[in-house]
Amino acid sequence: MNLLRPMWVTGTLAHGGAERHSITLMNRFADRGHQCHAVYIKDTPLQNQLARIDLRDGMTVRCMYARRFFDAESIATFATHLTEIRPSVIVAANGYALMYATLARIRSGLRIPMVATCHTTQLIGLKDQLKMLVDRPFYWRASCTVFVCAMQRQYWLRRGVASRRNTVIYNGVDTAHFADTTTPAVRQALRNSLGFADSDYVVGISAVLRPEKNHVQLLDAVAALRRQGIPARLLMIGDGPMREVIEARGRELGIEAAIRITGFQQDVRQSIALCDVMVLCSLSETFSLAALESMAMGKPVIHSDVGGAKEMISAGHNGELFALGASNALVDCLASLAQSGVARAMGVNARAVVEARFSEKAMVDRYESLLLDLCSRSLASGEAVNVESPCRLNAPEH
């Protein structure tokens with residue numbers, strides 16, 4: 001068996017989508033015997049604690065402690081770290097981590113294959129556009145850019161964000177972990193603990209309470225359902241800066257008694273399990289892990305038609321799609337799934353779709369194959385100079 005010495009680089013180790021994705025890959029590669037290393041550029045509160053909780057034992061974790069957007073001292077520290085670790089391949093999440101990793105690699109003199117994973121969807125505002133002007137040359141220098149859905153790949157290639165090789169590897173979820181094993185009695189007990197009846201139509205959303213997740217639109221939709229006589233309840237899984245605004249809107253609509261906000265949840269599975277349907281009405285989304293987790297739990301997902309939503313949801317089969325901002329369409333989708341048995345049947349389909357196309361194992365297999373191939377090509381072309389620790393490390397035979 002051939003093993004790698006990959007180094008993952010992220011801007012922070014806070015729990016955003018890109019960071020969660022990188023941590024999952026690091027852990028799964030480590031489980032397969034690869035010698036994984038983690039670097040993050042900026043420190044934030046509790047990051048060292050988060051890293052120790054989430055990453056496998058024996059993995060090195062190093063912060064560069066950048067004090068500003070461009071910190072030459074941090075790049076120098078990073079270059080020294082590269083020469084000490086001599087990774088066989090570097091995987092950088094998004095443009096900021098890619099910039100630091102590329103500059104550190106140049107400074108170190110090591111010719112290491114570089115993979116960029118792109119988790120952003122679109123340019124919003126002048127600041128994002130200027131940042132992409134900075135990031136784009138670093139993507140050009142990378143051996144490969146991995147996009148998380150076909151829509152995203154098309155969007156960025158049209159805007160000149162490309163590497164020598166550009167591929168799509170869908171996000172994946174652990175289908176064994178995200179499986180609804182709750183019995184009817186447990187489900188009823190979970191609902192009762194929140195003041196929900198078993199006969200209620202419980203609509204869930206699993207997302208940080210931030211403006212771009214558009215929770216207020218879902219509040220309005222639930223209020224509309226209740227006016228139609230549908231016993232809709234809303235479970236918001238998470239917390240965030242919009243909480244006071246959301247609670248105020250609930251009071252304004254007169255549905256505060258029908259709303260529950262869980263606060264931050266380390267494990268969202270029980271909360272998802274007690275829902276009938278999950279919703280994402282985001283203004284911007286790339287390829288939502290939260291949606292895939294809900295689908296793996298056997299829940300149909302109603303998703304705003306943004307990002308790669310069409311690549312995971314087939315309308316009328318495993319969920320529904322509605323046009324961005326179309327509140328009436330969202331209400332209609334929710335009402336159609338409130339009919340007896342509809343949500344349950346779509347939920348079975350949703351689970352099957354994840355098992356067939358979006359499993360974590362399939363994602364890790366594809367990343368492993370890609371990194372091994374890049375390292376093989378690098379060795380064959382004579383580009384790899386870290387000959388003391390080549391791209392492929394021979395593992396002991398079993």
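Counting only heavy atoms from C-beta outward, the side chains of V61 and L55 approach each other to under 4.5 Å. Contact annotation: the side chain of L218 never approaches that of N214 to less than 4.5 Å [non-hydrogen atoms, C-beta and beyond]. In this structure, T120 and W156 have side chains that are in contact, with non-hydrogen atoms separated by less than 4.5 Å. Residues R20 and I23 form no side-chain contact, since every pair of their non-hydrogen atoms from C-beta on lies 4.5 Å or further apart. No side-chain heavy atom of V39 sits under 4.5 Å from any side-chain heavy atom of H37.
Of the residues listed (F287, W8, Y367), the one engaging H21 in a ring pair (Phe, Tyr, Trp, His ring centres under 6.0 Å) is Y367, and it is the only one.
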Original post:
Given E293 and S206, is the side-chain hydrogen bond (donor to acceptor under 3.5 Å, both in side chains) satisfied, shown in steps?
Top reply: CA-CA 10 Å; E293 290 167 357; S206 181; 5.3 Å; no
Check the pair E368, H34 against side-chain hydrogen bond (donor to acceptor under 3.5 Å, both in side chains), reporting the backbone distance first and the verdict last. CA-CA 10 Å; E368 186 177 46; H34 299 292; 2.7 Å; yes
Derivation of the side-chain contact (heavy atoms from CB on, under 4.5 Å) call for E320 and M346: CA-CA 10 Å; E320 295 289 356; M346 283 196 187; 3.6 Å; yes
Q. Checking side-chain contact (heavy atoms from CB on, under 4.5 Å) for the pair L190/F196: CA distance, chi angles, key distance, verdict?
A. CA-CA 8 Å; L190 290 170; F196 295 165; over 6 Å; no
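T12 places no side-chain N or O within donor-acceptor distance of the main-chain N or O of K42, the cut-off being under 3.5 Å. Not a single donor-acceptor pair under 3.5 Å links the side chain of R243 to the backbone N or O of G238. Listed for the R32 side chain is no donor-acceptor partner under 3.5 Å among the backbone atoms of L3. Checked by atom type and distance alone, the side chain of S288 pairs as donor or acceptor with a backbone atom of A290 at under 3.5 Å. Of the possible donor and acceptor atoms, none in the side chain of K213 sits under 3.5 Å from a partner among the backbone N and O of L280. Between the D373 side chain and the S369 main chain, no donor and acceptor come within less than 3.5 Å of each other. Under the 3.5 Å distance criterion, the side-chain polar atoms of R5 are matched with a main-chain donor or acceptor of R86. A donor-acceptor pair under 3.5 Å links the side-chain atoms of R260 to the main chain of L194, judged by distance alone. Proximity of a side-chain donor or acceptor of N349 to a complementary backbone N or O of H317 within less than 3.5 Å is detected. Between the S143 side chain and the M114 main chain, a donor and an acceptor come within less than 3.5 Å of each other.
Looking at E19 and Y40, their side chains never bring a donor and an acceptor atom within 3.5 Å of each other. T24 and E360 share no donor-acceptor pair across their side chains, judged by distance under 3.5 Å alone.
Applying the side-chain hydrogen bond (donor to acceptor under 3.5 Å, both in side chains) test to pairs two or more places apart or on separate chains, those with a residue in residues 189-198 are R187-D198, R191-D276. Sorted by first then second residue, the ring-ring contact (aromatic ring centres under 6.0 Å, His included) pairs that include residues 78-97, not counting sequence neighbours, are F69-Y96, Y96-Y100.
Within a 6.0 Å radius of CD in E311, other residues, nucleotides and ligands contribute more than 12 heavy atoms. With a 6.0 Å radius and a threshold of 12 heavy atoms from other residues, nucleotides or ligands, E256 has its CD atom above the threshold. No more than 12 heavy atoms of other residues, nucleotides or ligands shown are found within 6.0 angstrom of CZ on R141.
With rounding to the nearest 0.5 Å, the separation of CZ in R227 from CG in L253 is 7.5 Å. A distance of 7.0 Å separates SG of C149 from OH of Y170, quoted to the nearest 0.5 Å. Taking OG of S294 as the start and CD1 of I237 as the end, the distance is 7.0 Å to the nearest 0.5 Å.
No continuous path of ILVMFWY side-chain contacts below 4.5 Å connects M312 to V277, so the two sit in separate hydrophobic clusters.
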